[in-house]
Amino acid sequence: MNLLPIKYRWLVSGLIFIAIASALLYFFYRPKPITYQTSPVVRGDFARNVQAVGQLDAVSKVDVGAQVSGQLKELYVKMGDKVKQGQLLALIDPQTAKNTVEEIQETAKSLEANLRGAQAELKLAQLKVKRQKYLFKSHLISHQDLDSDITDMQAKVAKLDDLFAQIRQNRAKLDSAKTNLQYTRITAPIEGIVADIKTFQGQTVIAAQQAPTILTLANLDTMIVNTQISEADVVSLKPGQKVSFTILGAPGKQFHSILKDILPTPQVVNNVNFYSARFEVPNPQHILRLQMTAQVKIELQTLHNVLMIPISALEVLSNQPSQSSTSTSLSSSPQYEVSILRNGKAEKRKVTIGAFDNTNVEVLSGLKENERVVTSRSDSSVEES
């Protein structure tokens, strides 16, 4: 039997409902504890680098061209062949050059024959003048007769000089013709591999104004890396800095070199200036190939045995102008702070920073080794001790 009046039963039911609702609200909306992601303050070596992408090329690369016109009669190599210096690569039809050589040689024979005839005529004229002078002294001939014979002798001397000049000229033409005949044999100027073929057997080359390229040879023993550096980073570079890089085919293998130079004229890509920083690297096993992509790292600064924390742990002091805590906007002045986790609570600590990169930052003061700094938290609020 229910002894409570109806109005009291309603009151008790309402109180029970309120208690249950309050319990549910507390369960679902009670303050959640703040959870922290931390990282220790570590001591180690710190390197500040410029990272960029480069492309490999051969230091010694030659476009082998033709210096005479004609049909490419023979091509003795193919793409990828290894060749030695002086090796025969191709042959341009030599028949025209041979004909020119033979024609000039026959002209030379004709000039030599004319020279012998002129020399005989001059000798006869000299004897006649000698005889006429004797007769003139004996008053047996007139002065006019003597002058006529002397003039004839001088004309034969001039003819002889002209023939000598023609012979010298013909010899020069013969040398040029023989050289052109040699040019029909295209040989390798360097040792290397055939990197490209642009003219194939049967094609005609015309060397009228410039030497047409037959093929390209590249010596892969030493490679050069052309690295594109943005204008924001190029001011930090100088020849002599240490460089390392990897290639896509062997990401675990590092190649090392020294920065050679930075070209002064930029290449503009999408209205952004990129400067070419170059360095050479030995390639005795020919692992590196033409046009390979290199992931380049240029060492700007190396510090040893310094304290470091993740750059994500830095916070800008509240009384400082607002700025992003990225590697491009960090300052070494003491205007940053970090949160240290002590007994489950985060406490603020001012720090002075030094060198930095995209991941870590050097700590000059304010922290000790093995202290744990907060890198992220589950709540935006901050508890202070």
Side-chain angles (χ1 to χ4, degrees), residues 33-52 227 229-230 232-233 235-238 240-246 250-259 277 279 294-385:
I34 299 176
T35 57
Y36 298 98
Q37 296 291 330
T38 63
S39 180
V41 180
V42 297
R43 185 175 293 277
D45 296 338
F46 182 92
R48 182 169 170 242
N49 306 305
V50 167
Q51 295 185 343
T227 307
I229 307 295
S230 69
D233 291 326
V235 293
S236 302
L237 303 187
K238 60 183 179 180
Q241 290 172 324
K242 294 181 179 179
V243 181
S244 63
F245 70 95
T246 60
K253 180 177 176 59
Q254 279 201 341
F255 301 86
H256 300 274
S257 184
I258 299 295
L259 190 62
F279 58 91
Q295 303 293 331
V296 179
K297 184 169 65 176
I298 304 173
E299 185 178 303
L300 301 181
Q301 184 181 25
T302 301
L303 302 174
H304 300 284
N305 197 31
V306 298
L307 293 178
M308 295 182 295
I309 60 172
I311 202 170
S312 58
L314 289 180
E315 302 173 20
V316 182
L317 282 174
S318 58
N319 61 348
Q320 294 291 330
S322 176
Q323 61 177 343
S324 170
S325 60
T326 64
S327 63
T328 57
S329 61
L330 289 181
S331 170
S332 59
S333 60
Q335 56 181 344
Y336 294 96
E337 63 183 4
V338 297
S339 296
I340 302 296
L341 194 63
R342 295 172 62 90
N343 300 322
K345 294 184 179 181
E347 65 177 37
K348 298 289 187 179
R349 182 109 33 106
K350 292 181 181 179
V351 294
T352 304
I353 65 171
F356 55 87
D357 59 16
N358 292 328
T359 306
N360 298 312
V361 60
E362 177 194 8
V363 178
L364 300 177
S365 64
L367 293 175
K368 296 180 181 179
E369 189 175 358
N370 296 325
E371 287 186 310
R372 302 196 71 85
V373 294
V374 176
T375 56
S376 65
R377 64 195 74 197
S378 62
D379 193 292
S380 60
S381 63
V382 178
E383 292 188 41
E384 297 186 13
S385 60

(request) Indicate yes or no for a side-chain donor-acceptor contact from Thr375 to the backbone of Gln37 under 3.5 Å, with no hydrogens or angles considered. (result) yes
(message) Going by side chain to side chain contact (heavy atoms under 4.5 Å, CB included), Val296 matches just one of Thr227, Ile229, Thr246. Which one?
(response) Thr227
(request) Please name all residues satisfying side chain to side chain donor-acceptor pair (under 3.5 Å) with Ser39, sequence neighbours left out, ordered by chain then number. (result) none
(request) Kindly indicate whether the side chain of Leu237, heavy atoms from C-beta on, has any atom under 4.5 Å from the side chain of Leu300. (result) yes
(request) Given side-chain contact (heavy atoms from CB on, under 4.5 Å), test Leu364 with Val351 step by step and report yes or no. (result) CA-CA 7 Å; Leu364 300 177; Val351 294; over 6 Å; no
(message) Between the side chains of Glu299 and Lys297, is the shortest nitrogen-to-carboxylate-oxygen separation below 4.0 Å, so that they form an ion pair?
(response) no
(request) Answer yes or no: does atom CD of Gln254 have more than 12 heavy-atom neighbours from other residues, nucleotides or ligands under 6.0 Å? (result) yes
(request) Taking the side chain as every heavy atom from C-beta outward, state whether Val373 and Ile340 have any atom pair closer than 4.5 Å. (result) yes
(request) List for me each residue that meets side chain to side chain donor-acceptor pair (under 3.5 Å) alongside Asp45, sequence neighbours excluded, and say none if there are none. (result) His304
(message) Within the 4.5 Å heavy-atom criterion, are Lys348 and Ser339 side-chain neighbours or not?
(response) yes
(request) With the side chain counted from C-beta on, respond yes when Asn305 and Arg43 share a heavy-atom pair under 4.5 Å apart, and no when they do not. (result) yes
(request) Work out which heavy atom in Gly366 is nearest to a heavy atom in Arg349; give both atom names and the distance. (result) O-NH1, 3.1 Å
(request) Evaluate the side-chain proximity of Val338 to Glu315: yes if any heavy-atom separation is below 4.5 Å, no if none is. (result) no
(request) Answer whether the closest heavy-atom distance between the side chains of Val41 and Lys368 falls below 4.5 Å. (result) no
(request) For Ala277 and Leu259, work out which heavy atoms get closest and say how close. (result) CB-CD1, 3.8 Å
(message) Please check: side-chain N/O of Gln295 versus main-chain N/O of Pro251, any donor-acceptor pairing under 3.5 Å?
(response) no
(request) May I ask you to decide if the ring planes of Phe245 and Phe279 are parallel, tilted or perpendicular, using 30° and 60° as cut-offs? (result) tilted
